[in-house]
Amino acid sequence: MIKSVEKAFRLLEILSEAREPMRLRDVSAAAEMTRSNALRMLQTLQELGYVRQAEGSSLYEMSLKAFQIGASRVSQDGLVTAAHPIVQELADKVEANVLLSVRDGAHCVVVDRIESRAFVRTFAHLGAREPLQAVSAGKVLLAYSSAAVFEMVAANLAPLTPRTIVTREALEAEMEKVRAQGFATTEGEVKQDAKGIAVPVRGRLGDVVAALTASGPLAQMSDEELHRYVALLRDHAARIEAAWPGGLNQG
């Protein structure tokens, strides 16, 4: 492995996970690098357009270039383009953020989102990455993934809140539940006041390629309201499958 490349990507990961622009000393400490090495690396990344300094300060933050590269890759198969108007229609019917997510290794990545008009607070921004076991979309994607993906996730369980799944036994039970009912829920597992409900979006061969989610600070739901959300999600997921050339419901 080329160490300089590894360090550059480590800096990008640190900045991408930060909730606000970072000081040089904090970046270097997080990366376990000297300040001079971190500065040189940040300056190179800045020249390449992946990092910028926050306006009017010496603090560092990610630019959108890395996201643009990822978004370009995701859009190649047309899924996001086909899904977007349907995601928008669903957002008009529910008091929640509506997200379309795909799997990237052991993480779930948001590739499209429409923010709810019912509340202001954002729980998952476009491009957000979270562990598969901690969010409803991730649970859906993991439940229908290979045994190798399950093993990768099960070997790296870590608590994000007191409610995050942290044992293999609990993860196995949750995956069985998701497959049995055909949808996944989370409540306070990645952020304590966030709740999510997700259903699968399938490709032409029946494989689960994405997850459609309603999420946010949703009030305590009755079973009736939960089932209403699940029905809406399933209906719109089926419409995405029909609209996308690579989807299950063609013709």
Side-chain angles (χ1 to χ4, degrees), residues 1 6 9-10 12-13 16-17 70 73-74 76-77 79-80 83 97-113 123-192 194-215 226 229-230 233-234 236-238 240-241 244 246-249:
M1 185 181 295
E6 179 187 7
F9 277 100
R10 177 62 184 141
L12 290 175
E13 289 173 350
S16 71
E17 293 167 2
R73 170 64 187 88
V74 169
Q76 286 177 7
D77 62 6
L79 172 60
V80 175
N97 292 332
V98 178
L99 317 173
L100 184 70
S101 304
V102 298
R103 184 177 69 83
D104 184 25
H107 289 81
C108 175
V109 181
V110 177
V111 294
D112 195 19
R113 74 182 297 278
F123 283 80
H125 58 272
L126 198 59
R129 291 169 57 88
E130 299 291 357
L132 290 173
Q133 75 278 6
V135 291
S136 56
K139 289 182 181 181
V140 165
L141 295 166
L142 179 58
Y144 297 98
S145 291
S146 67
V149 174
F150 178 87
E151 292 299 330
M152 176 172 57
V153 173
N156 294 281
L157 298 173
L160 299 173
T161 75
R163 303 188 69 167
T164 309
I165 294 173
V166 292
T167 68
R168 181 188 183 92
E169 293 74 20
L171 185 63
E172 288 176 339
E174 185 70 5
M175 295 301 97
E176 290 177 7
K177 178 181 177 182
V178 171
R179 287 189 289 268
Q181 64 188 14
F183 66 91
T185 61
T186 52
E187 187 167 2
E189 294 174 45
V190 67
K191 295 179 178 66
Q192 295 208 36
K195 183 171 185 175
I197 307 164
V199 302
V201 177
R202 297 179 183 274
R204 185 172 294 171
L205 300 179
D207 51 322
V208 174
V209 297
L212 185 63
T213 306
S215 74
L226 172 63
Y229 266 67
V230 170
L233 285 162
R234 284 175 169 161
H236 288 74
I240 290 171
E241 293 167 354
W244 174 44
L248 178 65
N249 297 319

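Just so you know, residue 1 is the first one in the sequence shown, and it goes up from there.
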Next item on the list: Indicate the atoms forming the closest heavy-atom contact of Leu233 with Ala214, along with that distance.
Entry: CD2-N, 3.9 Å

Item checked: Val110, Val98, Leu99 screened by side chain to side chain contact (heavy atoms under 4.5 Å, CB included) with Ser215, the one that passes -> Leu99

Note to self: Taking Glu241's backbone N and O only, do any of them form a donor-acceptor pair with Arg202's side chain (distance below 3.5 Å, no angle check)?
What the structure shows: no

Check: How many angstroms lie between atom OG of Ser146 and atom CG of Asp207, to the nearest 0.5 angstrom?
Finding: 12.0 Å

Check: Is a side-chain donor or acceptor of Glu130 paired with a backbone partner of Cys108 at a separation under 3.5 angstrom?
Finding: no

Next item on the list: Mind checking the CG-CD spacing from Leu12 to Glu17? Nearest 0.5 Å is all I need.
Entry: 11.0 Å

Margin query: I'd like to know if Glu6 and Arg10 make a salt bridge, using a cut-off of under 4.0 Å between side-chain N and carboxylate O.
Written below: no

Margin query: Quick check: closest heavy atoms across Val178 and Tyr144, and the distance to 0.1 Å?
Written below: O-OH, 3.9 Å

Check: About how many Å separate CG of Leu157 and CG of Leu171, when rounded to the nearest 0.5 Å?
Finding: 5.5 Å

Checklist line | Rounded distance (nearest 0.5 Å) linking atom CZ of Arg234 with atom CG of Leu212 | finding: 12.0 Å

Next item on the list: Check for a donor-acceptor pair, side chain of Thr213 on one end and backbone N or O of Gly196 on the other, with a separation under 3.5 Å.
Entry: no

Notebook entry, point to check: Going from NZ on Lys195 to OG1 on Thr186, what distance comes out if it is rounded to the nearest 0.5 angstrom?
Noted result: 9.0 Å

Notebook entry, point to check: Looking at side-chain heavy atoms only, is the closest gap between Trp244 and Val209 below 4.5 Å?
Noted result: yes

Notebook entry, point to check: Going through the distances and angles, do Leu141 and Val208 end up as a side-chain contact (heavy atoms from CB on, under 4.5 Å)?
Noted result: CA-CA 7 Å; Leu141 295 166; Val208 174; 4.1 Å; yes

Checklist line | Shortest non-hydrogen separation from Ala143 to Arg179 and the atoms involved | finding: O-NH1, 2.7 Å

Next item on the list: Determine which pairs satisfy side-chain hydrogen bond (donor to acceptor under 3.5 Å, both in side chains) with at least one residue from residues 131-142, sequence neighbours left out, and list them in order.
Entry: Lys139-Glu174, Lys139-Glu189

Note to self: Please give me the minimum heavy-atom distance between Ala83 and Leu100, naming the atom from each residue.
What the structure shows: CB-CD2, 3.7 Å

Notebook entry, point to check: Which residue pairs pass the salt bridge (charged side-chain N to carboxylate O under 4.0 Å, His left out) test with at least one member in residues 102-111, sequence neighbours excluded?
Noted result: Asp104-Arg129

Item checked: Shortest non-hydrogen contact from His107 toward Pro131 -> CD2-N, 3.8 Å

Item checked: Interatomic distance, Leu132 atom CG to Met175 atom CE [nearest 0.5 angstrom] -> 8.5 Å

Notebook entry, point to check: Taking the side chain as C-beta and beyond, is there a heavy-atom pair between Val111 and Leu79 under 4.5 Å?
Noted result: no

Margin query: Counting C-beta onward and ignoring hydrogens, is there a side-chain heavy-atom pair between Val201 and Val140 closer than 4.5 Å?
Written below: no

